[in-house]
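Data block below; observations after.
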Amino acid sequence: MIKLLSCQWQGDFVIFLEFSDGLSGYFDLNEYISTRHGSLLDPLYDESFAQRCFVDEGALCWPHGLELSPASLYKHCLVAEVA
């Protein structure tokens, strides 16, 4: 099972993610939340809140209890180019 190892806020609602299988890439949070609805997603429209993301037990989390599964993130992640 793939787990999320780390996240780093890049600005402009983009989060750099690293997964346990070695994949790393960029997750566009704005694009993700614009196609979904729910009260837990509403606070993420505020960038000062959204950038408080962290990894807990392999999932991307926020202080108000929202967790995004690594499997979902993996599907939406734009793979980082290797230099």
Side-chain angles (χ1 to χ4, degrees):
M1 177 167 63
I2 295 172
K3 291 187 177 189
L4 183 62
L5 299 178
S6 68
C7 66
Q8 183 178 34
W9 187 261
Q10 300 293 294
D12 200 27
F13 293 90
V14 173
I15 306 169
F16 183 75
L17 304 175
E18 294 180 297
F19 295 90
S20 59
D21 71 345
L23 181 123
S24 59
Y26 298 93
F27 175 65
D28 186 337
L29 179 62
N30 196 41
E31 181 180 313
Y32 183 84
I33 61 176
S34 70
T35 60
R36 289 159 178 79
H37 303 284
S39 60
L40 284 177
L41 296 175
D42 291 342
L44 299 183
Y45 286 99
D46 176 1
E47 188 171 7
S48 65
F49 182 81
Q51 68 184 356
R52 294 173 57 196
C53 59
F54 61 95
V55 176
D56 185 30
E57 295 189 27
L60 184 62
C61 304
W62 282 268
H64 68 309
L66 177 66
E67 294 183 8
L68 298 181
S69 75
S72 178
L73 294 166
Y74 200 88
K75 287 189 271 185
H76 291 93
C77 195
L78 299 172
V79 177
E81 301 259 339
V82 177

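Residues Leu73 and Trp9 share a hydrophobic cluster, clusters being chains of Ile/Leu/Val/Met/Phe/Trp/Tyr side chains in contact below 4.5 Å. Neither Leu78 nor Ile2 shares a network with the other; the hydrophobic side chains, linked directly or stepwise wherever heavy atoms of I, L, V, M, F, W or Y lie under 4.5 Å apart, form separate groups for each. Both Leu17 and Ile33 are members of a single hydrophobic cluster when ILVMFWY side chains are connected at heavy-atom separations under 4.5 Å.
Note that the OH atom of Tyr26 and the CD atom of Gln8 stand 8.5 Å from one another [nearest 0.5 Å]. Atom CG of Leu4 and atom OG of Ser20 lie 8.5 Å apart (nearest 0.5 Å). A distance of 9.0 Å separates CD in Glu31 from CZ in Arg36, rounded to the nearest 0.5 Å. Distance check: Ile15 CD1 to Asp28 CG gives 9.0 Å after rounding to the nearest 0.5 Å.
Listed by chain and number, the residues in a side-chain hydrogen bond (donor to acceptor under 3.5 Å, both in side chains) with Ser48 are Asp46 (sequence neighbours excluded). Contacts of Leu23 classified as side-chain contact (heavy atoms from CB on, under 4.5 Å), with partners at least two apart in sequence or in another chain: Phe19, Asp21, Tyr74, Cys77, Val79.
With contacts defined as side-chain heavy-atom distances shorter than 4.5 Å, the pair Phe49/Tyr45 does not qualify.
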Determine whether Glu18 and Ser6 satisfy the following criterion, side chain to side chain donor-acceptor pair (under 3.5 Å), listing intermediate values before the conclusion. CA-CA 5 Å; Glu18 294 180 297; Ser6 68; 2.6 Å; yes
Under 3.5 Å, sequence neighbours excluded: what are the donor-acceptor pairs made by side chains of residues 54-71?
residue: Trp62; atom: NE1; partner: Ala50; partner atom: O; Å: 2.7
residue: His64; atom: NE2; partner: Leu40; partner atom: O; Å: 2.6
residue: Ser69; atom: OG; partner: Ser72; partner atom: N; Å: 3.1

